[in-house]
Amino acid sequence: MDLEFELRKSIRNAMTDLFGQVTATEQLQPTNQEFEGSHTLVCFPLTKISKKSPEQTATAIGEYLVSNSGIVTRFNVVKGFLNLVIADQVWVEVFKSIYADKNFGLLPSNGRELMVEYSSPNTNKPLHLGHLRNNFLGYSVAEIYQALGYTVHKVQIINDRGIHICKSMAAWTLFGNGETPQSSGIKGDHLVGKYYVEFDKNYKAQTKELMEKGMPEAEAEKKAPIMLLAIEMLQKWEAKDAGTVQLWKTMNGWVYEGFGSTYKRMGVDFEKLYYESDTYLLGKDEVLRGLEQGVFFKKEDGSVWVDLTGDGLDQKVLLRADGTSVYMTQDIGTAILRFKDFPKIEGQVYTVGNEQEYHFKVLFLIMKKLGYPWAEKCYHLSYGMVDLPTGKMKSREGTVVDADDLMQEMVDEAEKQTRELGKIEDATEAQIKELSEIIGLGALKFFLLKVDPKKRMLFDPNESIQLQGHTGPFIQYTHARICAIIRKAEAMGVKPNEGELMQVTALEPAELEVIFMINNYINKLNEAARDYSPAVIANFAFDLAKGYNQFYQTIPIFNESDAAKLKFRIAFSQVVADVLKKSMRVLGINVPEKM
RNA sequence: GGCUCCGUAGUACAAUGGAUAGUAUUUCAGAUUCCGAUUCUGAAGAUGCAGGUUCGAUUCCUGCCGGGGCUACCA
């Protein structure tokens, strides 16, 4: 049964019968811990139609609900707040329908489609901590929408062209001596990153040398030989020079192989990859069309601009004076291409750091001005930077935390803890490795996802892997312990079934509390989707685990003499484990059955 | 300078305009005849400042202070 629906219906009936009209949205919220009840109706806004004081309004509705709703047994009024006590029988009924629904938390297809872009790295260096937040966020938002019945297309655009990759190519040509991932044993993306660093080192040295010979800084920066080589390579690449393209393909190939294994370990996936080398020429026609339509304008030098001063923004260039594209041009083209590739999507979510907020504001405005209705449904999933206890990550100071290294450290730490605790003595080495992977990555993902995406956050590796506190492993542990209980119940031959659940007529407060939370799961999924915030689900999972631990601590399970109650508590534990697992799943986190 | 986001216990995070601002960690004091104590209970501790709107403001508005980001014919 849908408790909230029934309750709202009864409240509206009450208002109609008592006051002759209803409000558009009655304000129903969870009751504060200190008062009796589970649902609270906020009655201040109702006084306009009730023509009574908040207390009188609340009391009148409360009395009506007790006599007419069939689900409310008691109520109390504190100021304008009407706290409602739902009958235990009703809670058992609510629980039963959740228990009976094997697909609880996974809604059937709603026929709607959405695209989520995330990751989208440059191909000149390996992924770092910031990319981890990006990937986990994008993946999780996609999973949340999927759980709600959407068809979600996960994509990314790979920035595989441009001066940045030519820099790595130039350095490799000069100093590589034919080094490959195979010959060196270095992961492909790290190898290319190594030459990017190598480029930078030499470039700085050469610039300095030229300046010492009396060349002004600006000129030296342009004339450093290694930079000239990179620029030459970019020009050759654009002219489709065979050798340059071949080298470019080879080095990008190394990067993709490296990224591939990183994504695999992260547990993220993509339905389709867009490559900038394929899309960077798109968008120009669209801009010219917009120019004809008068959406854009041309300056005397021939460059094409959009004027957004009327929208509180600036003027923005879309085509350079020489007719070439800028980044924005390409993004316009890519957006349109994606809607052609996936005609049924109603919008796109772009998971990109908050330093690009202005860019996306402009992009969406341009799409709107060009007359694309889906522009309204595009969302920039903007997220803040990740800081470390040691401070800010800065590439110049070499304090960037590498994604592969960090994942490995987390897994190593998880393995160390697992072995020390020695609760998995019967496990094989392979099982221990697998478990460490689950815990280490779970710790990392949970910590990065539990914070509101748009906020800048601090990642504390040590805190994240603790098994007590607001962490992934705490939830994983709770799940594992429930699994132990269920194993024991099975061994004892205790098998709950739907029919017998209704024999339970009274619930403990801790049970009621947890059923309330579970019953709220779909609401939380909707809230998380609406706000594009996996943090909502992360906090839900944590609260649920904590709620179950209170039950676990205060209520005996196997010492219960009443067979119906014992079965109910086993079923109850099963449902909690299931919902923990599902809520962690949409975060991309797995939960072990033993740890 | 302009635009924008953020300022909540020592620390890290919560709070569709609603009740005495929650949680974790830390510190202190307790709890397990039973299921995995990696647990649970209790105590201590916070809304940057000044106004405004409201029955009611951490939330909305204005100003100030502090921090991040953007502000390229870069990506």
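In what follows, every chain begins at residue 1, and chains take the letters A, B, ... in the order their sequences are listed.
Judged by Watson-Crick or G-U wobble contacts below 3.5 Å, the nucleotide C64(B) has G48(B) as its partner. If you check U53(B) for Watson-Crick or wobble pairing at under 3.5 angstrom, you find it has no partner at all. The nucleotide U20(B) finds no pairing partner, because no Watson-Crick or G-U wobble arrangement with both distances shorter than 3.5 Å includes it. Under the Watson-Crick and G-U wobble criteria, each requiring two contacts below 3.5 Å, nucleotide C70(B) is paired to G2(B). The pairing partner recorded for U8(B) is none, the criterion being a Watson-Crick or G-U wobble arrangement whose two distances lie under 3.5 angstrom. Remark: U39(B) base-pairs with A31(B). Criterion, Watson-Crick or G-U wobble with two distances under 3.5 Å.
To the nearest angstrom, C1' of U20(B) lies 12 Å from CZ of F81(A). Look at CG on L319(A): it is 16 Å from C1' on A72(B), rounded to the nearest Å. In this structure, Q29(A) places its CD atom 14 Å from C1' of G22(B), rounding to the nearest Å. Distance, E593(A) CD to G36(B) P: 15 Å, rounded to whole Å. Rounded to a whole Å, the CD atom of Q550(A) is 17 Å from the C1' atom of U38(B). Atom CZ of F459(A) and atom P of C13(B) are 12 Å apart (whole Å). In this structure, F360(A) atom CZ and C70(B) atom C1' are separated by 14 Å, rounded to whole Å. Look at CD on Q553(A): it is 14 Å from C1' on U33(B), rounded to the nearest Å.
Residue N354(A) has no polar side-chain atom (N or O) positioned under 4.0 Å from OP1 or OP2 of C5(B).
Residue contacts shown for Y358(A) are limited to sugar-phosphate atoms, with no base heavy atom under 4.0 Å away. Residue-level contact check: G162(A) touches neither bases nor backbone, having no heavy atom under 4.0 Å from any strand. Residue-level contact check: Q27(A) touches the bases, meaning some heavy atom is under 4.0 Å from a base atom. Residue-level contact check: T471(A) touches neither bases nor backbone, having no heavy atom under 4.0 Å from any strand. D452(A) comes within 4.0 angstrom of sugar-phosphate atoms only, judged by non-hydrogen atoms across all strands, and of no base. Heavy atoms of I482(A) sit nowhere under 4.0 angstrom from any nucleic acid atom. Residue contacts for M457(A): at a heavy-atom cut-off of 4.0 Å it reaches the sugar-phosphate backbone alone, with no base atom in range. Within the nucleic acid shown, N32(A) comes within 4.0 Å of at least one base atom, counting heavy atoms only. Within the 4.0 angstrom heavy-atom criterion, base atoms lie near Q356(A). I557(A) comes within contact range of at least one nucleobase, with a heavy-atom separation under 4.0 Å. Across all strands, A480(A) comes closer than 4.0 Å to base atoms (heavy-atom distances).
The gap from the C1' atom of U38(B) to that of U25(B) amounts to 15 Å, rounded to the nearest Å. Going from the C1' atom of U11(B) to that of C49(B) covers 23 Å, rounded to whole Å. A57(B) and G52(B) have their C1' atoms separated by 11 Å, with the value rounded to a whole Å. Taking the P atom of each, U20(B) and U58(B) are spaced 11 Å apart, rounded to whole Å. On the C1' atoms, C3(B) is 33 Å away from A9(B), given to the nearest whole Å. Taking the P atom of each, G69(B) and C74(B) are spaced 22 Å apart, rounded to whole Å. Separating the P atom of U59(B) from that of A72(B) is a span of 33 Å, rounded to the nearest Å. On the P atoms, A44(B) is 15 Å away from A24(B), given to the nearest whole Å.
The side chain of V42(A) has G18(B) as its nearest neighbour among C40(B), A19(B), G18(B). Taking only side-chain atoms of K546(A), from C-beta outward, the nucleotide of A24(B), G18(B), A19(B) with the closest atom is A24(B). In the set U20(B), A37(B), C40(B), the nucleotide with an atom closest to the side chain of E34(A) is U20(B). Of the candidate nucleotides A19(B), A12(B), U39(B), U39(B) has the atom nearest to the side chain of F474(A). The nucleotide whose nearest atom lies closest to any side-chain atom of R320(A) is, among C74(B), C40(B), C13(B), C74(B). Which of C74(B), U4(B), A14(B) sits closest to the side chain of K361(A) comes down to U4(B). Closest approach to the F447(A) side chain among A12(B), G36(B), A75(B) is made by A12(B) (side chain taken as heavy atoms from C-beta onward). The side chain of K79(A) lies closest to A19(B), out of A14(B), A19(B), U39(B). Comparing G18(B), A19(B), C70(B) by their closest approach to the side chain of P45(A) singles out G18(B). For E357(A), the listed nucleotide lying nearest its side chain is U4(B); candidates were G18(B), U38(B), U4(B).
When the nearest nucleotides of RNA chain B are assigned to A321(A) and R481(A) by heavy-atom distance, the more 5′-ward of the two goes with R481(A). Comparing H470(A) and I555(A) by the nucleotide of RNA chain B that holds the closest heavy atom to each, the one mapping nearer the 5' end is H470(A).
The cationic group of K454(A) does not satisfy the cation-pi geometry with Y383(A), failing either the under 6.0 Å distance to the six-membered ring centre or the 45° limit from the ring axis.
Checked against the 6.0 Å centroid criterion, the rings of H380(A) and F364(A) do not qualify as a close aromatic pair. A distance of 6.0 Å or more separates the ring centres of F474(A) and Y477(A).
Under a 4.0 Å N-O distance rule, the pair R569(A)/E511(A) qualifies as a salt bridge. For R456(A) and D387(A), the salt-bridge test passes: some basic side-chain N is under 4.0 Å from an acidic carboxylate O.
Checking N520(A), N526(A), N519(A) one by one against N523(A), the side-chain hydrogen bond (donor to acceptor under 3.5 Å, both in side chains) holds for a single residue, N520(A).
In this model, no donor atom of one side chain and acceptor atom of the other lie less than 3.5 Å apart for N159(A) and Y275(A). Between the side chains of Q550(A) and E508(A), no donor-acceptor pair of N or O atoms lies under 3.5 Å. Residues E276(A) and T279(A) bring no donor and acceptor atom of their side chains to less than 3.5 Å of each other. Of the N and O atoms on the side chains of R74(A) and N83(A), not one donor lies less than 3.5 Å from an acceptor on the other residue.
By the stacking rule of 5.5 Å between ring centres and under 30° between planes, F44(A) stacks on the base of G18(B). With centres under 5.5 Å and a plane angle under 30°, the ring of Y477(A) is stacked against the base of U38(B).
Scanning atom types as modelled, no donor and acceptor separated by under 3.5 angstrom connect the side chain of E463(A) and the base of U25(B). For N83(A) against A19(B), a side-chain-to-base donor-acceptor contact under 3.5 Å is present.
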